[in-house]
Amino acid sequence: DGGITQSPKYLFRKEGQNVTLSCEQNLNHDAMYWYRQDPGQGLRLIYYSQIVNDFQKGDIAEGYSVSREKKESFPLTVTSAQKNPTAFYLCASSIFFSAEAFFGQGTRLTVV
Amino acid sequence: DAKTTQPTSMDCAEGRAANLPCNHSTISGNEYVYWYRQIHSQGPQYIIHGLKNNETNEMASLIITEDRKSSTLILPHATLRDTAVYYCIVRVRDSGGGADGLTFGKGTHLIIQP
């Protein structure tokens, strides 16, 4: 089954710890994205990657880091520098950067 | 400045056509209109996109006005499972990479009433 997979669905971490969210796609898409969604709010772009080994900051990149070493994978690390890390995180991919994007089911991160 | 304007919420009776409007009066000639939806606590789902011609797929129809300043997404026979937030986005579609990041606004909360 082709698609985009985020894991885990729910994640709990203690304050001050870094945490890495996984995103894998087997759609052979060049572009991948990370978004954050807070309750009752729209999606905000954290980072995006147009092609392997390249990535760009989105609107709210502070406190986050990414890597794109493989086409299929675009992990997001939420660092201790992120002031309000508790949120719903969504990963997406598209065949090229501005094509229609397909989203994973999200990871709900709670930092206590 | 937002590129699109959508109503905050809309109701539609189950079985009827749901017509969701979107204004994009500053759309550029090379920008497409995209529609996505997000059902509660799930990732957004791509629905349809178009440039100037009307488009139809198995999920919906997209009607774009001749001047391209507005469009309407039509769900022909709405069901309770169509209750979601619907996002209208305008964006360049360029395989050469000449586009901004995909930006979501607040969208329209469509509620299908039984």
Side-chain angles (χ1 to χ4, degrees), chain A residues 3-7 9-10 21 23-25 27 29-52 54-61 66 74 87-110, chain B residues 1-9 22 27-51 55 57-60 62 73 84-111:
Chain A
I4 181 160
T5 304
Q6 290 185 245
S7 61
K9 193 171 171 66
Y10 298 96
L21 281 59
C23 179
E24 303 278 330
Q25 54 97 0
L27 300 166
H29 285 175
D30 278 328
M32 297 187 75
Y33 314 76
W34 273 106
Y35 289 87
R36 168 187 174 132
Q37 188 171 36
D38 294 288
Q41 303 294 315
L43 281 72
R44 291 186 290 167
L45 183 63
I46 304 173
Y47 267 98
Y48 63 93
S49 168
Q50 296 196 40
I51 201 162
V52 68
D54 176 76
F55 50 83
Q56 307 292 332
K57 291 182 180 179
D59 300 319
I60 54 162
V66 293
F74 190 41
F88 187 43
Y89 289 88
L90 288 154
C91 180
S93 70
S94 58
I95 191 162
F96 54 84
F97 178 54
S98 55
E100 51 279 16
F102 296 89
F103 284 78
Q105 288 305 298
T107 293
R108 195 167 296 278
L109 173 66
T110 303
Chain B
D1 283 339
K3 285 188 171 183
T4 64
T5 306
Q6 297 177 254
T8 303
S9 65
C22 180
I27 192 169
S28 301
N30 62 348
E31 286 183 313
Y32 284 68
V33 180
Y34 286 85
W35 283 86
Y36 291 80
R37 73 179 182 184
Q38 186 176 23
I39 295 168
H40 183 63
S41 295
Q42 296 184 22
Q45 178 187 22
Y46 162 77
I47 301 173
I48 199 167
H49 72 276
L51 182 62
E55 302 288 336
N57 64 20
E58 65 279 2
M59 288 183 70
L62 174 61
L73 179 76
V85 178
Y86 287 76
Y87 297 97
C88 169
I89 298 166
V90 296
R91 192 175 185 221
V92 171
R93 193 172 193 275
D94 174 8
S95 59
D100 298 330
L102 179 60
T103 302
F104 287 76
K106 296 279 176 66
T108 296
H109 189 194
L110 175 66
I111 300 169

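Below, chains carry the letters A, B, ... as their sequence lines are ordered, and counting in each starts from 1. When reading the values below, keep in mind they use all heavy atoms of this one structure, side chains included, and skip hydrogens, waters and symmetry mates.
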Original post:
Relative to chain B, which segment of R44(A) carries a heavy atom at a distance below 4.5 Å: side chain, backbone, both, or neither?
Top reply: neither

Original post:
Between Q37(A), Q41(A), Q6(A), which residue shows the highest count of heavy-atom pairs closer than 4.5 Å to chain B?
Top reply: Q37(A)

Original post:
Just wondering, more than 12 heavy atoms not from I111(B) lying within 6.0 Å of its CD1?
Top reply: yes

**OP:** Examine whether an atom of Q56(A) lies under 4.5 Å from a heavy atom of chain B, and if so say whether it belongs to the side chain, the backbone or both; otherwise answer neither.
**Re:** neither

Subject >> Closest approach of F88(A) to Q42(B) (non-hydrogen atoms, all atoms of both residues) >> reply: CE2-O, 3.9 Å

**OP:** Write down the atom of F97(A), the atom of R91(B), and the distance for their closest heavy-atom approach.
**Re:** O-NH2, 3.0 Å

**OP:** Would you mind checking which part of Y87(B) comes under 4.5 Å of any heavy atom in chain A, side chain (CB onward), backbone (N, CA, C, O), both or neither?
**Re:** side chain

Original post:
What heavy-atom pair brings S41(B) and R108(A) nearest, and what distance separates the two atoms?
Top reply: OG-NH2, 3.6 Å

Original post:
Among G104(A), G106(A), A99(A), which residue forms the greatest number of heavy-atom pairs with chain B at distances under 4.5 Å?
Top reply: A99(A)

Original post:
Can you check whether F103(A) and F104(B) have ring centres sitting under 6.0 Å from each other?
Top reply: yes

Original post:
Are the side chain of Y34(B) and the backbone N or O of A101(A) linked by a donor-acceptor pair below 3.5 Å?
Top reply: no

Subject >> Per-residue contact mode, L43(A) against chain B (heavy atom under 4.5 angstrom) >> reply: both

